[in-house]
Amino acid sequence: MSFLATASWLNEGPFALHRWRALLTDWRLFADAFLYTIMISLGALALALALGILFGSMSTTRSKLLKALSRVYVEIFQNTPLLIQFVVVYYGLPLILINGQPFFVFSATSTAILCVGLYHGAYISEVVRSGIGAVPKGQFEAAFSQGFNYKQTMMYVILPQAWKIMLPPLTNQLVNLIKNTATVAIISGADVMFAANSWSSANLNYIPAFALAGLLYFILCFPLATFARRMEEKNKKAYSR
């Protein structure tokens, strides 16, 4: 590439330096969006973990009713797109009227936490079910023989043993959860993706905006993915002995 071509590339086109300078002047917009993404990720994770542990535990009980309820929840949320769930909750539920007033009204933030939490709770439920299934059945029998009920057995005996098995896939689910929070942009939630889309549309600087958005997601997800990979390798070494 000649000097003139290089100079032209730096001054014109999608990678022009002035486009990146414009992005840096509005860094606060992306910083706020980054913090918002972290906030809804933490909220959705708390909900997903609670639902995952609850329904994962229900799926291992002897009760056919509890197993059926768990299966229905998992199948519904695993087999419908998250985007549709956002639309139903944010635009559909407010159409339900009680005495002429909308009964269900959710903000963009609460919709993101609810939908992403419900969606990934179904996947975490399967992780929990698999983790519990990996614990020898003799552990259940030993706990019951000591007078523990099912809840006590799960809390004090089974889940602590299954935790190491479940941690790598749980971490992978967290990575997916963070990336899926980007769907809140369709209802104007002020996350990283929405900030990149709105800023780039206003300034016609698409490459810098979405490159920065990708970098911010990478900063959140890469350490978690690395941790999950190392935990998987550690577990393989432990079980291969």
Nearest heavy-atom neighbours spanning [X] and [Y]:
{"X": "Y119", "Y": "L82", "result": "CB-CD1, 3.7 Å"}
{"X": "A225", "Y": "V175", "result": "N-CG2, 3.8 Å"}
{"X": "K67", "Y": "T60", "result": "CE-C, 4.4 Å"}
{"X": "A122", "Y": "F77", "result": "CB-CB, 3.8 Å"}
{"X": "S59", "Y": "G56", "result": "OG-O, 2.6 Å"}
{"X": "S57", "Y": "V128", "result": "N-CG1, 4.2 Å"}

Say whether [X] and [Y] are linked into one hydrophobic cluster, either directly or through other cluster members, by side-chain heavy-atom distances under 4.5 angstrom.
{"X": "I84", "Y": "V89", "answer": "no"}
{"X": "I158", "Y": "M166", "answer": "yes"}
{"X": "M193", "Y": "L215", "answer": "yes"}
{"X": "L35", "Y": "L177", "answer": "no"}
{"X": "L42", "Y": "Y217", "answer": "yes"}

With rounding to the nearest 0.5 angstrom, report the [atom1] to [atom2] distance, [X] to [Y].
{"X": "E141", "Y": "T153", "atom1": "CD", "atom2": "OG1", "value": "11.0 Å"}
{"X": "K64", "Y": "L69", "atom1": "NZ", "atom2": "CG", "value": "14.5 Å"}
{"X": "I165", "Y": "S130", "atom1": "CD1", "atom2": "OG", "value": "10.0 Å"}
{"X": "M154", "Y": "T61", "atom1": "CE", "atom2": "OG1", "value": "9.5 Å"}
{"X": "L167", "Y": "L174", "atom1": "CG", "atom2": "CG", "value": "10.5 Å"}
{"X": "L54", "Y": "L49", "atom1": "CG", "atom2": "CG", "value": "12.0 Å"}

(message) Within the structure provided, determine whether F194 and V184 are in side-chain contact (heavy-atom separation under 4.5 Å).
(response) no
(message) Would you say that I124 contacts F55 through its side chain, given a criterion of any heavy-atom pair below 4.5 Å between the two side chains?
(response) no
Could you check whether the rings of [X] and [Y] sit parallel, tilted or perpendicular, using 30° and 60° as the cut-offs?
{"X": "Y206", "Y": "F210", "value": "parallel"}
{"X": "F106", "Y": "F104", "value": "parallel"}
{"X": "F148", "Y": "Y156", "value": "perpendicular"}

(request) Walk me through it: do L51 and S125 pass the test side-chain contact (heavy atoms from CB on, under 4.5 Å)? (result) CA-CA 7 Å; L51 293 173; S125 172; over 6 Å; no
(request) Would you mind telling me which of L29, D191, L216 makes a side chain to side chain contact (heavy atoms under 4.5 Å, CB included) with F34? (result) L216
(message) Assess the residue pair T171 and M231 against the criterion (side-chain contact (heavy atoms from CB on, under 4.5 Å)); give the C-alpha distance rounded to whole Å, side-chain angles, the decisive distance to 0.1 Å, and a yes or no.
(response) CA-CA 10 Å; T171 307; M231 284 299 300; 6.0 Å; no
(message) Before we go on, tell me: are the rings of Y90 and F86 under 6.0 Å apart, centre to centre?
(response) no
(request) Using a strict 4.0 Å threshold on nitrogen-to-oxygen distance, state whether E126 and R129 make a salt bridge. (result) yes
Counting only N and O atoms by type, is there a donor-acceptor contact under 3.5 Å from the side chain of [X] to the main-chain atoms of [Y]?
{"X": "T226", "Y": "F222", "answer": "yes"}
{"X": "Q85", "Y": "T80", "answer": "yes"}
{"X": "T37", "Y": "V192", "answer": "yes"}

(request) Starting from the C-alpha separation in whole Å, work towards a yes-or-no answer on side-chain contact (heavy atoms from CB on, under 4.5 Å) for K179 and N176. (result) CA-CA 5 Å; K179 291 186 290 185; N176 292 329; 3.8 Å; yes
Compile the donor-acceptor pairs under 3.5 Å between side chains in residues 107-116 and protein atoms, sequence neighbours left out, one pair per line.
unit_1: S107; atom_1: OG; unit_2: S110; atom_2: N; d: 3.2
unit_1: S107; atom_1: OG; unit_2: S110; atom_2: OG; d: 3.0
unit_1: T109; atom_1: OG1; unit_2: Y36; atom_2: OH; d: 2.8
unit_1: S110; atom_1: OG; unit_2: S107; atom_2: N; d: 2.9
unit_1: S110; atom_1: OG; unit_2: S107; atom_2: O; d: 3.1
unit_1: T111; atom_1: OG1; unit_2: S107; atom_2: O; d: 2.7

(request) Dump the intermediate steps for side-chain contact (heavy atoms from CB on, under 4.5 Å) on V127 and N172, then the final yes or no. (result) CA-CA 11 Å; V127 172; N172 287 328; over 6 Å; no
